[in-house]
Protein chains: 2
Amino acid sequence: MSDGSELQIFRDYLKKRGLRYTREREQIIREIFATHEHFDVDSLYLKMRQKGMNVSKASIYRLIPLLIETELVREVFFEDGHMHYEHVYGHEHHCHLRCLECRKIEEFTDPRLAEVEKDLAERFGYHVLDHRLDVRGLCPECRTKYLYKK
Amino acid sequence: MSDGSELQIFRDYLKKRGLRYTREREQIIREIFATHEHFDVDSLYLKMRQKGMNVSKASIYRLIPLLIETELVREVFFEDGHMHYEHVYGHEHHCHLRCLECRKIEEFTDPRLAEVEKDLAERFGYHVLDHRLDVRGLCPECRTKYLYKK
DNA sequence: AATGAAATTGAGTTTGTTTTCCATTACAGA
DNA sequence: TCTGTAATGGAAAACAAACTCAATTTCATT
């Protein structure tokens with residue numbers, strides 16, 4: 001799944017900032033990079049506790065901003081009252097197409113978005129850092145179900 | 001600012017659903033449509049209380065889903081621990097370019113997004129309902145400041 | 001205008017997420 | 001190994017958002 005180089009990137013960042021590399025931080029990062037699923041704090045916490053690791057939620061909450069700053073992790077969207085994340089390192093930048101009914105998520109990329117970004121940078125004089133495109137609708141299955149319901 | 005037709009749209013919706021038109025709902029909607037600024041629940045609440053209106057936050061929280069369903073209001077983005085909204089009626093669909101430093105927001109439209117939407121609908125078989133594009137970076141002023149700081 | 005069923009209200013309470021606090025522990029450079 | 005400081009877990013606090021409930025208001029029907 002991962003060659004561990006995200007850990008090296010994180011260690012370098014900690015060193016540069018004078019912060020510390022701890023067992024808990026390593027465990028959390030390994031867990032995040034162990035799968036390519038999206039995650040949220042609570043399910044990550046439960047998963048780790050079930051595996052017998054003794055991390056606290058506070059440590060996860062404290063780590064996430066650091067992972068975002070190193071661009072190892074991104075916020076994906078806010079739903080069900082809390083934020084959802086994904087790890088970024090090792091993935092091409094991509095956007096999300098989501099079914100509002102069954103919550104399935106498709107990932108996609110489109111070169112036109114880079115063009116839009118570039119035009120915006122010129123037009124408004126911005127230094128563009130990032131974009132998030134969240135397209136929402138009904139997947140083929142739910143679309144059918146939904147039409148029948150109406 | 002507004003000719004009040006958003007109120008009529010809302011009344012029609014309430015009638016259709018068997019819900020009631022109340023003074024509080026009217027006041028809240030008027031307040032939302034009084035300016036074209038983005039808003040959040042807390043600042044809207046404070047603004048109304050300062051004007052001497054006796055609405056409760058609960059009423060605002062209860063109203064927002066109805067306004068979203070009638071497409072009078074949209075969620076814009078989640079920031080600072082809570083959702084931010086904008087009224088939609090009377091505005092073309094648009095996306096946001098935001099400065100992460102000073103929080104200034106530019107609105108823009110781009111025909112390429114409709115194309116992307118259309119292609120996604122075909123490629124994944126989705127019925128696309130909406131998209132949100134949130135482009136983030138540094139505005140011209142903050143860009144300069146930021147570079148000096150480094 | 002009066003009625004009455006049902007929706008809505010404000011205030012307070014509860015839930016759930018995220019942040020902060022604090023005493024203790026662990027890291028990393030000298 | 002010592003030492004200063006960051007990070008830890010667990011609890012408590014802060015916060016947004018949702019729910020509860022008795023009192024009130026709406027509105028179609030008289």
Side-chain angles (χ1 to χ4, degrees), chain A residues 7-8 10-32 38-70 73 75-85, chain B residues 7-8 10-32 38-70 73 75-85:
Chain A
L7 284 175
Q8 195 50 55
F10 187 63
R11 293 192 81 140
D12 293 347
Y13 167 77
L14 290 180
K15 192 148 205 170
K16 206 177 62 192
R17 292 238 352 227
L19 305 175
R20 289 172 188 172
Y21 190 72
T22 63
R23 186 166 51 90
E24 289 80 5
R25 287 178 173 177
E26 179 175 325
Q27 287 179 329
I28 297 166
I29 294 173
R30 282 193 189 284
E31 206 59 41
I32 290 172
H38 295 164
F39 68 93
D40 57 66
V41 170
D42 200 58
S43 55
L44 178 61
Y45 172 73
L46 290 174
K47 198 169 139 196
M48 294 183 73
R49 299 297 285 209
Q50 274 163 13
K51 291 189 182 183
M53 300 175 198
N54 191 36
V55 291
S56 75
K57 276 193 189 177
S59 292
I60 297 175
Y61 278 113
R62 283 183 290 230
L63 179 57
I64 285 176
L66 304 181
L67 294 176
I68 288 175
E69 201 160 318
T70 53
V73 162
E75 292 181 346
V76 180
F77 45 74
F78 183 85
E79 193 173 68
D80 301 322
H82 58 266
M83 190 55 76
H84 295 248
Y85 305 89
Chain B
L7 285 175
Q8 196 49 56
F10 187 64
R11 293 193 80 141
D12 292 347
Y13 167 77
L14 291 179
K15 191 148 205 171
K16 204 176 64 191
R17 292 238 352 229
L19 304 175
R20 288 173 185 171
Y21 191 71
T22 65
R23 186 165 50 89
E24 289 79 5
R25 288 178 172 174
E26 179 173 326
Q27 286 179 330
I28 297 166
I29 294 173
R30 283 194 188 284
E31 206 60 41
I32 290 171
H38 294 163
F39 68 95
D40 57 65
V41 170
D42 203 57
S43 55
L44 178 62
Y45 173 74
L46 289 174
K47 197 168 140 198
M48 294 184 73
R49 298 298 284 210
Q50 275 163 12
K51 290 189 183 181
M53 300 177 200
N54 190 36
V55 289
S56 74
K57 276 192 190 178
S59 292
I60 297 175
Y61 279 115
R62 285 185 287 229
L63 178 57
I64 285 176
L66 303 181
L67 294 175
I68 288 174
E69 201 160 318
T70 53
V73 162
E75 293 182 345
V76 180
F77 46 75
F78 184 86
E79 194 174 68
D80 302 321
H82 59 266
M83 190 55 74
H84 295 248
Y85 305 89

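These figures come from a predicted structure and were not determined experimentally. To find a chain, count down the sequence lines: A is the first, B the second, and so on, and within it residues start at 1.
- In terms of position along DNA chain C, the nucleotide closest to B:Arg20 lies nearer the 5' end than the nucleotide closest to the other residue of the pair B:Tyr45 and B:Arg20.
- Residue contacts for A:Asn54: at a heavy-atom cut-off of 4.0 Å it reaches the sugar-phosphate backbone alone, with no base atom in range.
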| said: What verdict does the side-chain contact (heavy atoms from CB on, under 4.5 Å) test give for B:Asn54 and B:Met48, after you've listed the backbone C-alpha separation in whole Å, the side-chain angles of each residue and the deciding distance to 0.1 Å? | reply: CA-CA 8 Å; B:Asn54 190 36; B:Met48 294 184 73; over 6 Å; no

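- For B:Glu24, counting side-chain heavy atoms from C-beta on, the closest listed nucleotide (C:dT9, D:dC19, D:dT5) is C:dT9.
- Atoms NZ (B:Lys57) and P (C:dT13) sit 16 Å apart, rounded to a whole Å.
- Within the 4.0 angstrom heavy-atom criterion, only backbone atoms of the sugar-phosphate kind lie near A:Arg49; the bases stay farther away.
- Here the options are B:Phe39, B:Phe78, B:Phe77, the test is ring pair (Phe, Tyr, Trp, His ring centres under 6.0 Å), and the partner is B:His84; only B:Phe77 passes.
- Ranked by how close their nearest DNA chain D nucleotide is to the 5' end, A:Gly18 and B:Val41 are led by A:Gly18.
- Nucleotide D:dA14 holds its P atom 18 Å from the NE2 atom of B:His82, rounded to whole Å.
- Following rounding to the nearest Å, A:Tyr21 (OH) and C:dG29 (P) show an atom-to-atom distance of 15 Å.
- The terminal axes of the helix from C:dA1-D:dT30 to C:dA30-D:dT1, fitted over 5 pairs per end, subtend an angle of 40° to the nearest 10°.
- The interatomic distance linking A:Glu79 (CD) with C:dT17 (P) rounds to 13 Å, in whole Å.
- Going from atom CE of B:Met48 over to atom P of C:dT9 covers 11 Å, rounded to whole Å.
- Between the P atom of C:dT18 and the CE atom of A:Met83 lies a distance of 8 Å, rounded to the nearest Å.
- Separation of atoms CG (A:Asp40) and CG (A:Asp80) is listed at 8.5 Å; rounding is to 0.5 Å.
- Rounding to the nearest 0.5 angstrom, the gap separating the OH atom in A:Tyr61 from the OH atom in A:Tyr45 is 11.0 Å.
- Taken residue by residue, residues 60-68 of chain A places heavy atoms nearer than 4.0 Å to DNA chain D at A:Arg62.
- Here the C1' atom of nucleotide D:dT25 and the CZ atom of B:Arg25 are 12 Å apart, to the nearest Å.
- How far CD1 of A:Ile28 is from OG1 of A:Thr22: 7.0 Å, rounded to the nearest 0.5 Å.
- For CZ of A:Arg23, the number of neighbouring non-hydrogen atoms (other residues, nucleotides, ligands) closer than 6.0 Å is 12 at most.
- Put simply, the residue from B:Lys47, B:Arg30, B:Glu31, B:Glu24 that forms a side chain to side chain contact (heavy atoms under 4.5 Å, CB included) with B:Met53 is B:Glu31.
- Side-chain contact, B:Tyr13 with B:Arg17: a donor N or O sits under 3.5 Å from an acceptor N or O.
- Checking C:dT18, D:dT8, D:dT26 against every side-chain atom of A:Thr22, the shortest atom distance belongs to D:dT8.
- Straight-line distance from the CG atom of A:Leu19 to the P atom of C:dG29: 12 Å, rounded to whole Å.
- Residues A:Ser56 and A:Arg62 approach most closely at OG-NH2, 4.3 Å, considering heavy atoms.
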